[in-house]
Amino acid sequence: MTTLVANDIATLAIHAGHEPDPFTGALLTPIYQTTTYRQEAVGVDRGYTYSRAGNPTVAALEKRLGALENAPPAVCFSTGMAATTALFFALLQSGDHVVVSDVVYGGTVRLLNQILSKYGVTADFVDGADPRNIQEAIRPNTKLVFIETPANPTLKLTDIEAVSVICREAGIPLVVDNTFLTAALQQPFELGAGISLYSTTKFIEGHNSTLGGAIVTRDESLLEQLRFVRKTLGAPQSPLEAWLTLRGLTTLPWRMKLHSEHALRIARWLETHPSVEAVHYPDLESFPQRELAQKQQQNGGGVLAFEVVGGIKSGVQVMNSLKLCSLAENLGAVETLVTHPVSMTHGDVPPEQRAETGITDGLIRLSVGLESPDDIIADLAQALNAFQGGAS
Ligand SMILES: *Cc1c(COP(=O)(O)O)cnc(C)c1O
């Protein structure tokens, strides 16, 4: 398998997965807004029967997402959480165990601790920054390892290559939630992982207008199982959302490059501000895992996190004073969004687990958009200065 370089991705993101319509010449795949497909004869169809099982617009998105990772067509879902749920249903049964990196999307923790636990699936959350912790947590009934790198919201990294070696020895698949970087900046399969998982809601669609999820793998039998689970559980992507996601994808490689450049600039600026205690961003010289970042990702990505001097009280004040940056739960779009993980996205993660993993009460997550970085810095400056004035 050859490694894809940035320019290949830029072309694939625009062209993979669709041919101009043979009847009309339409350049883009139409939105096939249909539930049902007329069959030629009993038992004879053209590959589509009912849109819960498959739809041509969704199929175009699936081909393109697969192509970005040199893989067969992806399986797309209505949300990222639907994708995670389907993956667990496909691979796990009662009595099974999973190892999960300790800083993951809040919904993944909720799914394991509050829903799958009722069906006899157990999970251990371990610090993936040291792969030995993952190795030690694997038991005879462990059926998969699930990591998120960089992790939401602290940006902690897990060494995909090292963990993939551990998983191969144990004979179990490694799942990488690659939502933060996407295939444009990190290629999990090139590092030995077997499954990439995405919330396409974030950078892939990139415009804060759709929900979606996707699973990419080169394992054909797993793809088959995932399509079966999707058809049965009933959470497929819809044709309109798929079309919007296809459109978002066309600019993904260039957006990721810009998101990263702007984020690095803002991270560097935040580091110099006297009211900022800590900045977490993989491309910063001060980032403890910078070497690993340089080994496995093309650059730092579009998300950073920082802590304001004075903890939660001052953090809340700063967030409430921002004007251009919107306080919101989402990330990964052209608008700069700011999130307070403890009260918003990670509210359901038990406080002890949050404390152990560095999700402090004062942590602020910034998803850097594509506005002028000078304007974002000016907004952050006025909010931080207002707080400084108020505190003295
Ligand atoms: C948002 C997100 C999810 C869940 O995706 P939804 O589309 O919101 O269901 C999973 N993982 C990560 C890293 C996310 O940021």
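Read the numbers this way: they start at 1 and go in the same order the structure lists the ligands and their atoms. Because the structure is a prediction, the values reported are computed rather than measured.
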inquiry  = Less than 6.0 angstrom from the centroid, inside 45 degrees of the normal: does K231 satisfy that with respect to the ring of F77?
reply    = no
Pairing residues for [X] by the salt bridge (charged side-chain N to carboxylate O under 4.0 Å, His left out) criterion, not counting sequence neighbours:
| X | result |
| --- | --- |
| R354 | none |
| E161 | K295 |
| R52 | none |

message = Can you see whether S321 engages Q382 through a side-chain donor-acceptor pair at a distance of less than 3.5 angstrom?
response = no
message = With side chain to side chain contact (heavy atoms under 4.5 Å, CB included) as the criterion, how do E335 and E371 come out once you've worked through the C-alpha distance, each side chain's angles and the decisive distance to 0.1 Å?
response = CA-CA 7 Å; E335 293 89 2; E371 304 93 337; 4.2 Å; yes
Quick check on ligand 1: any N or O pairs to the protein under 3.5 Å? One line per pair.
from	atom 1	to	atom 2	distance (Å)
ligand 1	5 (O)	S199	OG	3.0
ligand 1	7 (O)	G80	N	2.9
ligand 1	7 (O)	S199	OG	2.8
ligand 1	7 (O)	T201	OG1	2.7
ligand 1	9 (O)	G80	N	3.1
ligand 1	9 (O)	M81	N	2.9
ligand 1	11 (N)	D177	OD2	2.7
ligand 1	15 (O)	K202	NZ	2.7

